[in-house]
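Read through the structure below, which is laid out as structure tokens, and then see the notes.
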Amino acid sequence: MQIPEIKFDSNGLVPAIVQDAGTNQVLMLAYMNEESLRLTLEKGETIFWSRSRSELWHKGETSGNIQKVIEIRVDCDADTLLILVHPAGPACHTGNQTCFYRGIGSKGFQNL
């Protein structure tokens, strides 16, 4: 499969913003390398590169909370991806629907 001209950073990664295709809620930010992008395109489910574990990470493989890819968009500079998905469950490892469930207020982080 031909990968479009994506501008991967010096570590071979590109940020991928994941958004719920039904609600438009931003679910998470992860990173992809060329292999994870290729596998995501082939399988139709999100597969990322885990920077902390230095390995491929198929979202939902153990939790069952897979993300079915509806569309992948690239920004104007070709250095960030937007992945529209139908999630099978929460995106966040905390069990929250989105990883962006906290706001910053005068007293620090606050759950939204």
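Note that the coordinates shown come from a computational prediction; the quantities given were computed from them, not determined experimentally. Count residues from 1 along the sequence.
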- Task: Tell me whether Val14 is reachable from Val26 by hopping between hydrophobic residues (I, L, V, M, F, W, Y) whose side-chain heavy atoms are closer than 4.5 Å.
- Result: no
- First locate atom CZ of Arg102, then atom CD of Gln110, and finally report the distance between them rounded to the nearest 0.5 Å. 11.5 Å
Kindly list each side-chain donor-acceptor pair under 3.5 angstrom involving residues 78-96, sequence neighbours excluded, with atom names and distances?
unit_1, atom_1, unit_2, atom_2, d
Thr94, OG1, Asn96, N, 3.4
Thr94, OG1, Asn96, ND2, 2.7

- Query: What is the distance from atom CZ of Phe109 to atom CD1 of Ile104, rounded to the nearest 0.5 Å?
  - Reply: 5.0 Å
- Message: Hydrophobic clustering (ILVMFWY, side-chain heavy atoms < 4.5 Å, transitive) - are Ile66 and Leu27 grouped together?
- Response: no
- Query: Under a 4.5 Å side-chain heavy-atom rule over Ile, Leu, Val, Met, Phe, Trp and Tyr, are Val18 and Ile6 clustered together?
  - Reply: yes
- Item | Donor-acceptor contact below 3.5 Å, side chain Lys7 vs main chain Asp77 | yes
- Can you spot which of Lys68, His58, Gln67 makes a side chain to side chain donor-acceptor pair (under 3.5 Å) with Glu45? His58
- Item | Thr40 (side chain) donor-acceptor with Ile47 (main chain) under 3.5 angstrom | yes
- Message: According to salt bridge (Lys or Arg N to Asp or Glu O under 4.0 Å), who are the partners of Arg51, at least two apart in sequence or on a separate chain?
- Response: none
- With the side chain counted from C-beta on, respond yes when Leu37 and Ile72 share a heavy-atom pair under 4.5 Å apart, and no when they do not. yes
- Item | Glu34 side, atom CD; Leu39 side, atom CG - distance, nearest 0.5 Å | 11.0 Å
- Do the side chains of Met28 and Met32 join up, straight or via other hydrophobic residues, at under 4.5 Å, putting them in one cluster? yes
- Item | Heavy-atom side-chain contact between Pro15 and Leu29 under 4.5 Å | yes
- Closest heavy-atom contact between Tyr31 and Phe48? O-CB, 3.3 Å
- So, Glu55 and Arg53, do they make that salt bridge, N to O below 4.0 Å? yes
- Query: So, do Asn33 and Leu56 sit near enough that their side-chain heavy atoms are less than 4.5 Å apart?
  - Reply: yes
- Task: Just jot down the ring-ring contact (aromatic ring centres under 6.0 Å, His included) partners of Trp49, sequence neighbours excluded, or say none.
- Result: none
- Query: Measuring from Asn65:CG to Lys59:NZ, what's the distance to the nearest 0.5 Å?
  - Reply: 6.0 Å
- Message: Once rounded to the nearest 0.5 Å, what's the spacing between atom CG of Leu13 and atom OG of Ser36?
- Response: 8.0 Å
- Can you get from Leu41 to Trp57 by hopping between Ile, Leu, Val, Met, Phe, Trp and Tyr side chains that sit under 4.5 Å apart? yes
